[in-house]
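Below, read A as the first sequence line, B as the second, and so on, with proteins coming before strands; counting in each chain starts at 1. Values reported hereafter were calculated over all heavy atoms of this structure, with side chains retained and with hydrogens, waters and symmetry mates removed.
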Amino acid sequence: MPVSRPESLGARVIAHVDMDCFYVQVEQRKQPHLSGQPTAVVQYNSWKGGGLIAVSYEARKYGVKRSMRGDEAKQVCPQIQLVKVPVSRGKADLCIYRNAGSEVVSILSRKGRCERASIDEVYLDLTDASEAMLAETPPESVEIIDEEALKSHILGLNEDGSNLKENVREWLRRSEADHRDKLLACGALIVAELRMQVLKETEFTCSAGIAHNKMLAKLASGMNKPAQQTVVPFVSVKGLLEPLPIKKMKQLGGKLGSSLQIDLGVNTVGELLQFSEEKLQERYGINTGTWLWNVARGICGEEVEGRLLPKSHGSGKTFPGPRALKTIASVEHWLNELCEELSERLHSDLDQNKRIARTLTLHARAFKFSDTDSHKKFPSKSCPLRYGATKIQEDALNLFQAGLREYLGSHRIKTQGSQHNGWGITGLSVSASKIVAIPSDTCEAMQSADDKDPNCSFSNQAQDVQEISALSSPGFQSTSSYSELHEADVRKENLFGTSTLGQNGPRRDTWDYKIDEIDPSVVNELPPEIQEELRYLVRPQKRANIPKRGSSIAHYFLPTKNS
DNA sequence: ACGGGTAACACC
DNA sequence: TGGTGTTAC
């Protein structure tokens, strides 16, 4: 049977939950006398008071900012409490924050699909829970609405009136509302409840955004902090994005955003609307171009992944300027420390989550003061990962040496008559990736295996790393501007970037097929407003090998057979 | 060349 | 692939 409008079929309810100055909260829970005080978490206290990595909201009032020095913070806020990040093996150890993050994830994952986006952020897909609530106990039928939910900010709702809570209550409960709004209202109630549970069970506060997709939810979660939540009704999207500085959008805070400003003269998301998809693709490539076109319209088909654990583990340290490592022995020492930490975390992951990592990668930053190419990057190297701290240390050192040979090229090694090598290492890190679940019955055998056990089945994954040769990779020019960097890419993509559609498609106001069967080229022919609504609302369809960003609108649909 | 230490991801 | 660059917190 034909439907006259798509209704809200396909509308999702997505939340982004963001912990407030998370590291500070973790420290305040540990030392309650710090609660309510201007506080910051700082690492490496020795030099200029260390670098701030988290700042409490009390301290922000004084103008204290992340990435200030401890000393600077003291200047603008003399009474600030500076708490040091724990140090072990001579480096910052973030494990207490990771563990605290896990506590939060385990609570936030109760009501729907949950994606750990970082140590202190998650996305939730609350569509099913919201639909269920709407069917069983819709807000309009509920007498008492959570105090927390009543404190929601509803974008587009008159926030200047005197009776804020009553307005919100009315918005949450109104029965004449658009179906999409009702879903978001349910989402807001669920998120308020979740946030209260987080507070009760962990003592941590968080902020959240509730919207129809990840992009908007993320944007909203940052709009009212700390300890508040913000809802983005469908009709408010345009008004929200139009005046929004382009740099505020996730992914546009860096070079791409600058390129939009400088090369296209676009300063707000609204100004981006003037550029056709083709034009954006021409300049930024087919994927990024389409993604930008969608960003301008608040369209984002990205799914919430359903992943509670990190995809990789890493341990690293910088050795700035004068502290650069100049001998293999010192590099070996620090690699051993880093690998020990990594190994410990891998064993915890195995223990707690029954997962193993398959790839070990070494990254380094280096300088050399010989002659020309002193800007060359130290190449990353990877190899199969063998479990056991000493094995990882051994492999990491081999990877480093392979990288160093390549970095130095077939040049001479020493500056003559000098005590140094001609090179220095300013950063080292090791990481473990390609993490996969293992069958539970193979776990126990593994857990008892250790370094010394040559028969440990997990210890022999690697081929002989000595054989890693310095084949690979063409040097890379250093980057200054975004367009420069991607010039080659863009040209190539243009060869394939033929964009869609002829002129005379069907144009109609009713459809007699289901939304997820619509052919993308048909959508392109519909009236513009309807197009946007459709694209916005339709649930993304799963397909393999699609870049996260989505290379074309077609990816949000399943193509139909005959078209 | 102190914005640290980690992460995820796009692209070749 | 593995390796490099970008972005974010």
Side-chain angles (χ1 to χ4, degrees), chain A residues 18-19 21-23 41-44 46-55 65-70 85 87 91-95 97-98 101 115-121 218 222 247 249-259 284-288 291 302 305 307 309-324 338 341-342 345 359-363 365-367 369 376-384 399 403 406 424 426-434 468 471-479 482 485-486 488-490 492-493 546-551:
Chain A
D18 197 321
M19 304 308 294
C21 55
F22 188 45
Y23 292 8
V41 174
V42 72
Q43 59 188 0
Y44 302 130
S46 47
W47 197 75
K48 297 195 176 180
L52 272 50
I53 57 176
V55 180
K65 296 196 185 116
R66 196 167 9 147
S67 99
M68 262 183 169
R69 303 271 152 213
V85 171
V87 172
K91 66 178 291 298
D93 182 355
L94 305 184
C95 83
Y97 311 117
R98 285 193 195 94
E115 175 180 327
R116 175 198 193 273
S118 78
I119 198 168
D120 71 339
E121 286 172 67
K218 165 82 180 168
K247 291 246 171 193
M249 298 295 305
K250 185 167 158 135
Q251 301 301 321
L252 298 182
K255 295 186 185 184
L256 180 54
S258 297
S259 169
Y284 295 108
I286 188 136
N287 286 350
T288 303
W291 179 78
E302 243 177 81
E305 277 292 320
R307 178 178 52 76
L309 300 171
K311 289 177 166 176
S312 65
H313 302 288
S315 175
K317 180 170 174 56
T318 56
F319 308 94
R323 295 196 226 168
L338 298 175
E341 184 193 323
L342 182 61
R345 285 165 56 192
T359 301
L360 175 70
T361 305
L362 176 131
H363 300 270
R365 292 181 52 197
F367 64 82
F369 19 55
K376 193 162 93 174
K377 301 266 190 283
F378 193 101
S380 299
K381 294 289 164 197
S382 55
C383 72
L399 291 173
E406 188 176 321
T426 56
L428 276 180
S429 82
V430 290
S431 58
S433 57
K434 310 252 176 81
I468 291 168
L471 30 107
S472 86
S473 63
F476 217 80
Q477 57 279 31
S478 74
T479 94
Y482 182 88
L485 176 67
H486 287 284
D489 308 356
V490 171
K492 189 182 229 174
E493 283 166 345
I546 300 171
K548 265 279 157 32
R549 217 168 247 187
S551 63

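Here C/dC9 is the nucleotide among C/dT4, B/dA1, C/dC9 with the atom lying nearest to any side-chain atom of A/Arg66. Between B/dT6, B/dA8, C/dC9, one nucleotide has an atom nearer to the side chain of A/Asp120 than all others, and that is C/dC9. Among the nucleotides B/dC2, B/dA1, C/dG2, the one closest to the side chain of A/Lys434 is C/dG2. Distances from the side chain of A/Leu256 to the nucleotides B/dC11, B/dG3, C/dT7 place C/dT7 closest. Counting only heavy atoms from C-beta on, A/Lys381 has its side chain closest to C/dG3 among C/dC9, B/dA1, C/dG3. In the set B/dG3, B/dC2, C/dT7, the nucleotide with an atom closest to the side chain of A/Ser67 is B/dG3. In this structure, the nucleotide among B/dA8, B/dA1, B/dT6 sitting nearest to the side chain of A/Arg307 is B/dA8. When each of B/dC9, B/dT6, C/dA8 is scored by its nearest atom to the side-chain atoms of A/Lys250, the top-ranked nucleotide is C/dA8. Comparing C/dG3, B/dG3, C/dT6 by their nearest atom to the side chain of A/Arg69 picks out B/dG3. Nearest nucleotide to the side chain of A/Ser380, out of C/dT7, C/dG5, C/dT4: C/dT4.
In this structure, A/Leu309 and A/Tyr23 both approach DNA chain B, and ranking their closest nucleotides by distance from the 5' end singles out A/Tyr23. In this structure, A/Thr318 and A/Ser312 both approach DNA chain B, and ranking their closest nucleotides by distance from the 5' end singles out A/Thr318.
For A/Lys218 and C/dT7, the shortest distance from a side-chain N or O to OP1 or OP2 is not below 4.0 Å. Put simply, A/Lys311 has a side-chain N or O that comes within less than 4.0 Å of OP1 or OP2 on B/dC9. Look at A/Arg98 and you'll find a side-chain N or O under 4.0 angstrom from OP1 or OP2 of B/dA7. Distances shorter than 4.0 Å separate none of the side-chain N or O atoms of A/Ser431 from OP1 or OP2 on B/dA7. At C/dT6, none of the side-chain N or O atoms of A/Thr288 fall inside 4.0 Å of OP1 or OP2 (strictly under the cut-off). OP1 or OP2 of C/dT6 sits under 4.0 Å from a side-chain N or O of A/Lys255. Phosphate contact (OP1/OP2 of B/dT6, side-chain N/O of A/Lys91, threshold under 4.0 Å): present.
Shown here are the salt bridge (charged side-chain N to carboxylate O under 4.0 Å, His left out) partners of A/Asp18, two or more places apart in sequence or in another chain: A/Lys225. A/Tyr44 pairs by the ring pair (Phe, Tyr, Trp, His ring centres under 6.0 Å) definition with nothing, not counting sequence neighbours.
Residue A/Arg345 is in sugar-phosphate contact alone, with no base atom involved, counting any heavy-atom pair closer than 4.0 Å across all strands shown. Using a 4.0 Å heavy-atom cutoff across all strands shown, A/Gly253 reaches sugar-phosphate atoms only and no base atom. Using a 4.0 Å heavy-atom criterion, one finds that A/Lys317 contacts the sugar-phosphate atoms exclusively. Within 4.0 Å (heavy atoms only), A/Ser315 reaches sugar-phosphate atoms of the nucleic acid but no base atom.
With A/Lys317 contributing its side chain and A/Ser429 its backbone, the two residues share no donor-acceptor pair below 3.5 Å. With hydrogens and angles ignored, the 3.5 Å screen pairs no side-chain donor or acceptor of A/Ser259 with any backbone N or O of A/Lys255.
Between A/Pro379 and A/Lys381 the shortest side-chain heavy-atom distance falls below 4.5 Å. Proximity of A/Val430 to A/Leu399: side-chain heavy atoms (C-beta onward) are nowhere separated by under 4.5 Å.
Rounded to whole Å, the distance from CG on A/Asn287 to P on C/dG5 is 20 Å. Between the CD atom of A/Gln43 and the P atom of B/dG3 there is a distance of 12 Å, given to the nearest Å. Atom CD of A/Glu406 is separated from atom P of C/dG3 by 8 Å (rounded to the nearest Å). Between A/Ile53 atom CD1 and B/dG4 atom P the separation is 11 Å, expressed in whole Å. Taking atom OH of residue A/Tyr284 and atom P of nucleotide B/dC11, one finds them 14 Å apart after rounding to whole Å. Atom CD1 of A/Ile119 is separated from atom P of C/dT7 by 23 Å (rounded to the nearest Å). If you take CH2 of A/Trp291 and P of C/dT6, they are 15 Å apart, rounded to a whole angstrom. Regarding A/Lys376, its NZ atom lies at a distance of 11 Å from the P atom of C/dT4, rounded to whole Å.
On the P atoms, C/dT1 is 30 Å away from B/dG5, given to the nearest whole Å. A distance of about 29 Å separates the P atoms of B/dG4 and C/dG2, rounded to the whole Å. Between C/dT7 and B/dG3, the distance separating the two C1' atoms is 14 Å to the nearest Å.
At most 12 heavy atoms of other shown residues, nucleotides or ligands fall within 6.0 angstrom of atom CZ in A/Arg365.
Nearest heavy-atom pair across A/Phe378 and A/Gly403 is CZ-C, 3.5 Å.
Both geometric conditions, a ring-centre gap below 5.5 Å and a plane tilt below 30°, are not fulfilled together for A/Tyr44 over the base of B/dC2.
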